[in-house]
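Just below is one structure, and these are the notes that go with it.
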Amino acid sequence: MADTKAKNGFNFQLWRYDGEPGELIPLLQAAQDHYGYIPEHAIEHISAATGITPSKIYGVITFYNQFRLQPMGKYVIRLCEGTACHVAGAKTLLEVIEDEVGVHEGETDDDGLFTVLTVACIGCCSLAPVMLVNEETYGKLDPKKIRSILRQIRREEQQKSQGKKAAQPAK
Amino acid sequence: MYKVKVGMATCGISAGAKTTYEKLNELIGGNGALVELTITGCIGMCYSEPLVEVVDDETGEHVLYGGVDDKGAEQIYKQHLKRGSVVDELVVLKWRDGQKPDGPQSSFLVDQERIVLRNCGVIDPEKIEDYIARGGYEALKKVLSKGDPNWVIDEVKASGLRGRGGAGFPTGLKWSFAAGNQADIKYVVCNADEGDPGAFMDRSVLEGDPHAVLEGMLICAYAIGATHGYIYCRAEYPLAVKRLRKAIQQAKDAGYLGQKIKGSGFSFSIKVKEGAGAFVCGEETALFASIEGERGMPRIRPPFPAEKGLWRKPTNNNNVETYANIPWIINHGAAEYRKFGTEKSPGTKVFALAGKVKRGGLAEVPMGMTIRELVMEIGGGIKKDKEYKGVQMGGPSGGCIPAALIDTPVDFENIPATGAIMGSGGMVVMDEETCMVDVARFFLDFTQKESCGKCTFCRIGTLRMLEILERICNGEGRPEDKDKLASLSEQIKNASLCGLGQTAPNPVLTTLRYFEHEYDAHISEGYCPAKVCPTLVDYVIDAEKCIGCVACAKGCPVECITGEKKQPHVIDQDKCIRCAHCITVCPVDAVMKIAEPKKQKPVAAE
Ligand SMILES: Cc1cc2nc3c(=O)[nH]c(=O)nc-3n(C[C@H](O)[C@H](O)[C@H](O)COP(=O)(O)O)c2cc1C
Ligand code: FES
């Protein structure tokens, strides 16, 4: 076992299961947990620690849907596009989200507030259509409900940043 | 004393169970001596979530409440917990210990037989004591005290249990292969990747009764002589991962996992590996590659996993539900298990009902029950009483079974005969408003994205099929498209290495077979009968409903919507590009879809 430390305090323990090689995916998951995406320096860091070449690590990253190479917004919207959600009209809902946020699927808005992604089933099919906003699940969606959820988040964020601005001159 | 259980599986939480739990917790507050508040898994009635069960310890009476929001929680607290009178409006089920349930929703449960789901929605999944109190780990103890791995394998063989991961391979036989191969280390793997989008039974078992899966794996490990186990769980199921990790720790602390378990010579440990979002990793050889930290690409078989599996060592891989059956079989015996189900498909199967069905949720029924019983009786029929069109089984590898075959028994013989597959048990119900061409396009889009790229036919053939389906959905279908789809399907099936490619054409083949008229409507008559494909419908504003808010006119990319403020608006059909934007912005649902045959159907040249 070796303790390693990279930029911004990202550290991890290399652990092995009775001498088995290959802990690459959990390491990448840990990096993504820490940064919200996998920055280049994390790849170098993992490569140095494990001896796996950066190109091979990159190959693994791009194979799996979970991994991101770009920073994501503060709120990551994941609209389910599984079968049950699809027949319940998820396609229209994606258009609603894209319209509301102003970006396409896979993109992040300019303020870094929202990232719009899709997933294939989060296992709440009986509440279809479903979306996740960060860890929070919302079921039985319709266009109106989506707009009100996203507007609510935006409003709260605006209030927070205005609160900060208002607090500054007082300091 | 009352025991209050709140259903806190992912489905319950999404429906608001956290708020309900917090409200009850706040109200019960200091009364902990009179009321015990706990959590439980999913009982399967996802359509009535959030669910709260109140158990009276003295009388043995159970009341299950559905749709309990914070107001409902307050009502239950004030009326039931404080004054002992049941809140009738919220009741979904009532029963007394050991008796069959009664109440407005009892038809959901009466025909069910619970083996796999025996503890789901009953115990607190985060407490090993609850599992043990219901006979948990007795099967393991029985196996250890018999001390004969061959007895275990024979018992599982005799039960006739077939793998619940899709293909239905006999479990006992599979175990005997791995048991027969000698090596310094052997592995037991649990496939919890549940990749079929529209299926959630494995999630419910993992979240509702994680110890049952661990016990099943332990028994398998004992039978085949393995010392190490992995559970490969998809990353989209964070709660399942959390509960599994907790269960593993508890089992270790209680001496059910680790070295020399319960004083025997048997040692076994389990690790959880999280997937990273790739459907193909549900295929077992790809799954092994992923555990090993590689890209999840399937490997050529043979050698089969029983010989060279994970890290090239003898490995037994089964599905979550397969393992969850094992403790019950060991405890009750193979003969008892065979009393359920059919001769060739014994036992029960858990189905995830979703889509256009009234009561979406989980149902565990004896094999051989008909689709009609599942969809119409347990599922309660079609939402808004629309017309039933069919059911999709087996996800991207499966097919659509039409309404005409509603009396087909659901088992490993009859379902494949329709062109669909049993799959893992996801059943997505479709009604008149589901377009079958769009469903086929949906699945091809999925498999095309999820193909790992190793086999040319799977990688490129699925893309070609998707392009054809897309143009049909866009109203640009060509007369030869149906034949092209059929021939590409054959080629992809024949030239793919793994199950993903071999089964990818199934959704297209079954829809072509049973719903050819819908393809014809798109290709030669220029309309989408289900009014789903945007370019093949007309959009019209209902003047009665329209409030003249101008939202649609403002957002229309071709400015084809006109009307004064507060006056009904009109869409110019000649200019409209059918982008469907107006539908998504209308606050009062005033935009209607209309679909009629446009082109004359060409007379068949004979
Ligand atoms: C593309 C593909 C995806 C699969 N996905 C799953 C899955 O999500 N869960 C599962 O248990 N089996 C899945 N399987 C089947 C497994 O390869 C394997 O047969 C199964 O886990 C064996 O378990 P069983 O004998 O208990 O059925 C998949 C197969 C293919 C070809
Ligand atoms: S299909 Fe959307 S949650 Fe399963």
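So you know, we letter chains A, B, ... as the sequences are listed, proteins then strands, and number each from 1.
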Begin with the C-alpha distance, continue with both residues' side-chain angles, and end with the deciding distance and a verdict on side chain to side chain contact (heavy atoms under 4.5 Å, CB included) for B:Lys273 and A:Ile25.
CA-CA 9 Å; B:Lys273 278 266 183 164; A:Ile25 292 169; over 6 Å; no
Do NZ/NE/NH1/NH2 and the carboxylate oxygens of B:Glu49 and A:Lys140 come within less than 4.0 Å?
no
Name of the residue among B:Arg234, B:Glu194, B:Arg203 meeting side chain to side chain contact (heavy atoms under 4.5 Å, CB included) with A:Cys121
B:Arg234
Do B:Glu292 and A:Glu23 touch side chain to side chain, with heavy atoms closer than 4.5 Å?
no
Under a 4.5 Å heavy-atom cut-off, does chain A meet the side chain of B:Glu294, its backbone, both or neither?
both
Counting only heavy atoms closer than 4.5 Å, note whether B:Asp445 contacts chain A via side chain, backbone, both or neither.
neither
Heavy atoms of B:Val280 and A:Phe63 approach each other most closely as CG1-CZ, 3.9 Å
NZ (B:Lys358) with more than 12 external heavy atoms under 6.0 Å
yes
Test side chain to side chain contact (heavy atoms under 4.5 Å, CB included) on B:Phe200 and A:Cys125; report intermediate values, then the result.
CA-CA 7 Å; B:Phe200 51 100; A:Cys125 321; 3.4 Å; yes
Which atoms of B:Phe446 come close to chain A, meaning under 4.5 Å heavy atom to heavy atom: side chain ones, backbone ones, both, or neither?
side chain
B:Ala352 versus chain A, heavy atoms under 4.5 Å apart: side chain, backbone, both or neither?
neither
Note: vs chain A, highest number of non-hydrogen pairs under 4.5 angstrom among B:Gly355, B:Ser290, B:Ala354 is B:Ser290
Which residue out of B:Leu362, B:Val439, B:Asp431, B:Asp438 racks up the most heavy-atom pairs below 4.5 Å with chain A?
B:Asp438
So which part of B:Thr10 gets closer than 4.5 Å to some heavy atom of chain A, the side chain, the backbone, both or neither?
both
Which heavy atom of A:Cys124 sits nearest a heavy atom of B:Ser14, and at what distance?
SG-OG, 3.3 Å
Name each donor-acceptor pair under 3.5 Å that joins a side chain in residues 89-104 of chain A to protein atoms two or more places apart or in another chain, with its distance.
| residue | atom | partner | partner atom | Å |
| --- | --- | --- | --- | --- |
| A:Glu98 | OE2 | A:Glu105 | N | 3.0 |
| A:Asp99 | OD2 | A:Arg147 | NH1 | 3.2 |
| A:Asp99 | OD2 | A:Arg147 | NH2 | 3.2 |
| A:Glu100 | OE1 | A:Arg147 | NH1 | 2.8 |
| A:Glu100 | OE1 | A:Arg151 | NH2 | 3.2 |
| A:Glu100 | OE2 | A:Arg151 | NE | 2.9 |

Heavy-atom closest contact (B:Pro197 atom, A:Gly82 atom, distance)
CB-CA, 3.6 Å
Under 3.5 Å, is there a donor-acceptor pair between the side chain of B:Tyr47 and the main chain of A:Leu127?
no
Can you tell me if A:Glu135 has over 12 outside heavy atoms packed within less than 6.0 Å of its CD?
no
Given the rule in the salt bridge (charged side-chain N to carboxylate O under 4.0 Å, His left out) test, do A:Glu136 and B:Lys18 qualify, once you have shown the distances and angles that lead to the verdict?
CA-CA 11 Å; A:Glu136 203 72 36; B:Lys18 244 188 209 153; 5.4 Å; no
In terms of heavy-atom proximity below 4.5 Å to chain A, should B:Cys452 be classed as side chain, backbone, both, or neither?
both
If you compare all heavy atoms of B:Arg295 against all heavy atoms of A:Gly59, which two are closest, and at what distance to 0.1 Å?
NH1-O, 3.1 Å
Other residues, nucleotides, ligands: >12 heavy atoms within 6.0 Å of A:Lys145 NZ:
yes
Determine, for A:Arg78 against B:Glu236, whether the closest basic-nitrogen to carboxylate-oxygen distance falls under 4.0 angstrom.
no
As a quick check of understanding, evaluate side chain to side chain contact (heavy atoms under 4.5 Å, CB included) for B:Ile13 and A:Thr137, giving each step before the final call.
CA-CA 8 Å; B:Ile13 293 172; A:Thr137 324; 5.6 Å; no
Counting only heavy atoms not in A:Tyr58, do more than 12 fall under 6.0 Å of its OH?
no
Smallest separation among heavy atoms of B:Thr584 and A:Pro143, with atom names
O-CB, 3.8 Å
Counting heavy-atom pairs under 4.5 Å with chain B, which one of A:Cys85, A:Ser126, A:Cys80, A:Gly139 comes out on top?
A:Ser126
Does CD belonging to B:Glu470 count more than 12 external heavy atoms closer than 6.0 Å?
yes
Over all heavy atoms of both residues, which pair between A:Tyr64 and B:Gly296 is shortest? Give the atoms and the distance, please.
OH-N, 3.2 Å
